[in-house]
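Below is one structure, written out as structure tokens, with a few remarks after it.
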Protein chains: 12
Amino acid sequence: MTGKILVIHGPNLNLLGRREPEVYGTATLEELNGGLVAYAKTRGAELRIVQLNAEGAIIEALHEAMTWADGVILNPGAYTHYSLAIYDAVLACGLRTVEVHLSNIYAREEFRRHSVIAPACIGQICGFGPTSYRLALDALLDQ
Amino acid sequence: MTGKILVIHGPNLNLLGRREPEVYGTATLEELNGGLVAYAKTRGAELRIVQLNAEGAIIEALHEAMTWADGVILNPGAYTHYSLAIYDAVLACGLRTVEVHLSNIYAREEFRRHSVIAPACIGQICGFGPTSYRLALDALLDQ
Amino acid sequence: MTGKILVIHGPNLNLLGRREPEVYGTATLEELNGGLVAYAKTRGAELRIVQLNAEGAIIEALHEAMTWADGVILNPGAYTHYSLAIYDAVLACGLRTVEVHLSNIYAREEFRRHSVIAPACIGQICGFGPTSYRLALDALLDQ
Amino acid sequence: MTGKILVIHGPNLNLLGRREPEVYGTATLEELNGGLVAYAKTRGAELRIVQLNAEGAIIEALHEAMTWADGVILNPGAYTHYSLAIYDAVLACGLRTVEVHLSNIYAREEFRRHSVIAPACIGQICGFGPTSYRLALDALLDQ
Amino acid sequence: MTGKILVIHGPNLNLLGRREPEVYGTATLEELNGGLVAYAKTRGAELRIVQLNAEGAIIEALHEAMTWADGVILNPGAYTHYSLAIYDAVLACGLRTVEVHLSNIYAREEFRRHSVIAPACIGQICGFGPTSYRLALDALLDQ
Amino acid sequence: MTGKILVIHGPNLNLLGRREPEVYGTATLEELNGGLVAYAKTRGAELRIVQLNAEGAIIEALHEAMTWADGVILNPGAYTHYSLAIYDAVLACGLRTVEVHLSNIYAREEFRRHSVIAPACIGQICGFGPTSYRLALDALLDQ
Amino acid sequence: MTGKILVIHGPNLNLLGRREPEVYGTATLEELNGGLVAYAKTRGAELRIVQLNAEGAIIEALHEAMTWADGVILNPGAYTHYSLAIYDAVLACGLRTVEVHLSNIYAREEFRRHSVIAPACIGQICGFGPTSYRLALDALLDQ
Amino acid sequence: MTGKILVIHGPNLNLLGRREPEVYGTATLEELNGGLVAYAKTRGAELRIVQLNAEGAIIEALHEAMTWADGVILNPGAYTHYSLAIYDAVLACGLRTVEVHLSNIYAREEFRRHSVIAPACIGQICGFGPTSYRLALDALLDQ
Amino acid sequence: MTGKILVIHGPNLNLLGRREPEVYGTATLEELNGGLVAYAKTRGAELRIVQLNAEGAIIEALHEAMTWADGVILNPGAYTHYSLAIYDAVLACGLRTVEVHLSNIYAREEFRRHSVIAPACIGQICGFGPTSYRLALDALLDQ
Amino acid sequence: MTGKILVIHGPNLNLLGRREPEVYGTATLEELNGGLVAYAKTRGAELRIVQLNAEGAIIEALHEAMTWADGVILNPGAYTHYSLAIYDAVLACGLRTVEVHLSNIYAREEFRRHSVIAPACIGQICGFGPTSYRLALDALLDQ
Amino acid sequence: MTGKILVIHGPNLNLLGRREPEVYGTATLEELNGGLVAYAKTRGAELRIVQLNAEGAIIEALHEAMTWADGVILNPGAYTHYSLAIYDAVLACGLRTVEVHLSNIYAREEFRRHSVIAPACIGQICGFGPTSYRLALDALLDQ
Amino acid sequence: MTGKILVIHGPNLNLLGRREPEVYGTATLEELNGGLVAYAKTRGAELRIVQLNAEGAIIEALHEAMTWADGVILNPGAYTHYSLAIYDAVLACGLRTVEVHLSNIYAREEFRRHSVIAPACIGQICGFGPTSYRLALDALLDQ
């Protein structure tokens, strides 16, 4: 895998660091992205990172990536639990996609325990804060 | 019915022909639209066709059609299964609407077997590929 | 497709026109059949039409059609919602079958929203009154 | 509370007065807003009012309000029943939010009886037409 | 009401008296019918009584009664719990129908506690053995 | 059976005739009771009739009847659907009890279709207005 | 509306201020009532206030109000979640009724998220502590 | 046990060998029956074999067997999953009955995993193709 | 713990010894109470014992005990399974409460297997007949 | 098939003959095994028989059999209803496996009606006491 | 009862005192056992105490106790909620068994509220810490 | 974190490489372990690796690790979906634990989509074959 990776941060992740820090930690999205880009460089991978609150925009980012990306790191935020349209988009774009979450979604509200998108992905990583993204990058590059 | 019809292709349908051809066939959306426009002409109907990935955009297309359209052909894609906001929009716009699907949604994943939008429509047609749209046009014009 | 089509009207459809006209309209089954035969003639198709109240009789009509028919238009009436034996018969006979309904079954009682037979069909058309049948004929001939 | 309040009208509320008047009444959104602004003035409150059909836009309106608003009056329309992303946005923005509905959502279709957003709000008011908004304003100012 | 009544005994009721007497009693169907006819005579009512094991036959008996009967006493046997086609037939025939059961269906297996046919009837009587039928006759004549 | 019968009218039945007449008819409870007493006299039965809104009072009326009554006619009103304590009281008192309803509870709101009390009774009669009570009396005397 | 209002505090509300203050606040029921009466005076409304722990007593309070009240403010306490008999009483009395709750019932135990009484009311207000009652009064007077 | 056995093949089994051979094998019903009769002869048993597509006919075959049969081998086909009337017939006829299936119904569609008839039988055998019938015969003769 | 204990026997327990002795035994409530009082004396505890059939009365007994009792032994009878108002009362009164049952509620009808009150208690004891109460007394005094 | 068969008796089957004889019969496991070995000899098959109470031991017995066995007769006892690990073991070992039960599991407690292991087997036989095992042996050898 | 009692501590109870002390307290299993043995001596009972993490070992301990024990005190730990094999073992061994829990399982995670083993026991005691065991001993000796 | 890690391979994982290679790949467990140990060395971590088919053994391995391990990598195999006892053991041992799976459990049978153990872990990684373990090691060391 040559390593052009699209990273999609879903809804409300722009508030990272300010939003419920006891759940999501105190690092901001900028800090998370900075660390991830630095790590990608050590792995020879190239990232494009977007933060998108709109379901339709996430779908279109996946479509657009078909022309250039080798893989996708996708944190769908709350869309995880009901956006069948994003599930279809992952299937339709045909890109190897890893679903990530900062928190352990299985240790929170009941509704967070079910992902409708995961069946379209190659795998899922959750619970490790910003490290979840780095592990997803490794997964895409090394598996 | 005089025959001004809005056709809405929902999320991911822009990838038609490239996306899972074993399910959706190999015709592209352009080819589908071309055939549909040609058929409409033979029926004396006038079509406006949009492809929209965003739920909000579909809602607004339905609102806008209140001023000019006589009916709607709506393929809500995956929104079929959860977009109560589109259901409300169909009810609110008051236009005769036919829900269409390319594939037989009753012969696929369990979640595709339930449409939250169909109760607001006058009818539903699914399973006939691009022909589904042509039948929907006939349904609007002839019933 | 050469166009020998079996049309099956399921239970209680013999009362069409007399039964709940606000749901099913005022046209009788004879009128519906007359219009359908006339239309089939314009399409070069040949119809055999039966109205059957018994589940077993519908199963046997499907079996018998294996020797001569090119397709089936099936309105299973209330059997739609529980007759797994008819589902099996559609699968077993191997004929391309379209499920039709006069009314929009998704806008009525909750139990009418689920068809156990649709997964065995190539598609489903509902909500357009007698026109549903004509569209089904077109679907069989043209798809 | 000093009283800078964001009012969000969700999807399809732009059609108010034209849409299903037996459910939603005959007052238009403009009339509703006019009355609400006038009342707010008597209470010394300042309103910003938006009508948004897109889920992502509602999320971003909530984010943006973090810099200036003291509270939010939110009518999520049909998103009430499935938009976990708006639920997350209400939690994330940290603003005191009141969920309002024009109609009594507990006396309509079954699906309208469950709000996924209400747990993130301080309270809910429904069933009083345009008065629901005025009561929500009082609730934010007086509680 | 002039009192021409169709009595339908559903599946397996021909075995009455021989079948599980601890549930259904020891009187045979002939004895039950004899007593019922005698009682009807005292009431000035005229009965036609059939015992039918086939769902389709019950449907057709209901259709046929449209031309002569003033009411129906219907014991659907086990069809009570799933025959939506008989439910439709009761609705379609438009005759005042009373559902009866020999045993108290609410004190037996779980599946017997739900009747899909009762919503189409004017009422239901169960638990009184052959007396259930006599009460149903009174209900039709006197209400 | 000698025929001392307790008749219990459950909650809200005191409003009979004034309450939702399209469901419950226009006869008052006094009229219903008058007709029932008159009929009982012709059958040689003796009635004691109470109307009770409180669950505990219904339970105690059943207990008290153990010393004198031969049977019970019980219309539990809305308690039908959840009062397991009345269910226990019917079992505990050991009296032959018939559950009655004025309306056909199977043709109304979903929640009215399930009786938790019926399994403790000998039978159930519903849908015949005041006649339901008279039939219940016959059932107790004649079965 | 002339403004004679019955206020019903349901079970356990007599303990207000002593009971789980982190949920219900520290104001006592007397304080709540005092504030509400004072406010009603400013609105020209006349209140009768009762606190009732028994379901049957709540039903009878609603019946009794038919002769004098113009509306009802009803906090059914835990009966909210199962008392179909109170639901029937609200329907039967025909008075415009507002359901209120001190706490946001949608942010607590799962069982508190469903009201069986709300469908019979004109609306529901919850989450604003004693202010909920004042808003309900405004709703009754102003809508 | 003297060994007069009724064998009932349910709906669609007449198509055996032609229908979905990857599920049901390529042997025809005639071949299956031939092998079964030959085996029965070696066991000193006498078979009557019927294939019936109608639920009512299966019920009546069971009734009729009460006069002569010692046991029943019953393949209810798709009726397995909903025909409570056949369940009642097996109970009512009082004959020792073995439910058989050619395929392993537990390894197919979800709906095939539940038999409503099995509780009335002495046992169930599935998954062994035509051998299932032979094993059922042994079970009836040897247990 | 000083040992002033309120004992509440719920609905129908006044019939103990006469009611379904195969489930509840032959000892009367008086005998049970006598034995319990005698045992309490040996433990230096003081009991007040009530038997209450009305839900509201049980709630008020719990309220009243707040002024004098150190703990409560509560047999809610059938209210166990639905009285959220008693659950609230146990929480609200703040007294250490033990739920007891004479029979093993987990070995009876399905509906008896779920207690809505137990989460508000410190523990539950069931299945040991009158001994259940004595163990509850020990639990309150010794834990 | 050459006929080396592993027979696994699951948990509690060592108590056969002593445990609930009205369900499981009076023959001991030794007697069952003796009869089965004798029968196997007549069929030219060789058996290894184990009785194992531990889920892990059953899994390892299946693994070990991969090196020598041609098939497996498996009575998983109560593990039938939840041991997905045994289901996986059957799939993983790749041996043709028949699930057997002494009793008709479909005529007992509700929880016994669902096998999580059956989908991994070639078939299931239940209800014939020790004969179930002999039939399973025939099924493995003859199918 | 002569008083030979088997005490089984299920999985993870060896960690008592170290494991989640806010739920289970700070006493170790040794301390609990010591207190229990001392108490048993005062009652003239003889205990054998085991702590077992394996489901199969618990089953075999129950089997082994058939030869010597008069009763069983069983804390199945998390097996409470799914081990149907232990349920069967309790039934099969025929020993009077009391299910105990240290914590009030009805006030914790949802999954802990259902015991599959309790229906096979004579009763259940939970919520009293180590005292639960002492009460269970009394229950076995005194009931 | 100093890096002493326990790796637990759950049931059936000893068959890796031989078992369903289309799901689990062709690498054996030895190869997986070899690669993992080599990688751990580069990270300065020390592994102890066990493969355990028995639930009780997994529980005890977790207990034993309390004395030496800094973290756990746990692949519970099929126990993932029901072993509440392992869930308790993870909670009780207090070690930071990562749940791993070779396959994407969300893209397989329905029952594999729910982990009862994940809520006790710090996170979950699935879908990346042997790489899942290496990522889990990184997660433990780096987060």
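All of these numbers come straight from a predicted model, not from anything done at the bench. Within every chain, numbering begins at 1; the chains are lettered A, B, ... in the order of the sequence lines, protein sequences first and strands thereafter.
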Tell me, side chain or backbone of L:Ala89 under 4.5 Å from chain K's heavy atoms, or both, or neither?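 Both backbone and side chain of L:Ala89 come within 4.5 Å of chain K.
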
Heavy-atom pairs under 4.5 Å with chain K - which of [options] has more of them than the others?
| options | answer |
| --- | --- |
| L:Gly94, L:Ala85, L:Cys93 | L:Ala85 |
| L:Ser83, L:Pro119, L:Ala54, L:Ala57 | L:Ser83 |
| L:Leu91, L:Leu84, L:Ile59 | L:Leu84 |

| message | Measuring from atom CG of L:Asp88 to atom CZ of K:Arg112, what distance do you get when rounded to the nearest 0.5 angstrom? | response |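 It is 4.0 Å, given to the nearest 0.5 Å.
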
- Item | OH on L:Tyr87 to CD on K:Glu109, rounded to 0.5 Å |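 With rounding to 0.5 Å, CD (K:Glu109) is 4.0 Å from OH (L:Tyr87).
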
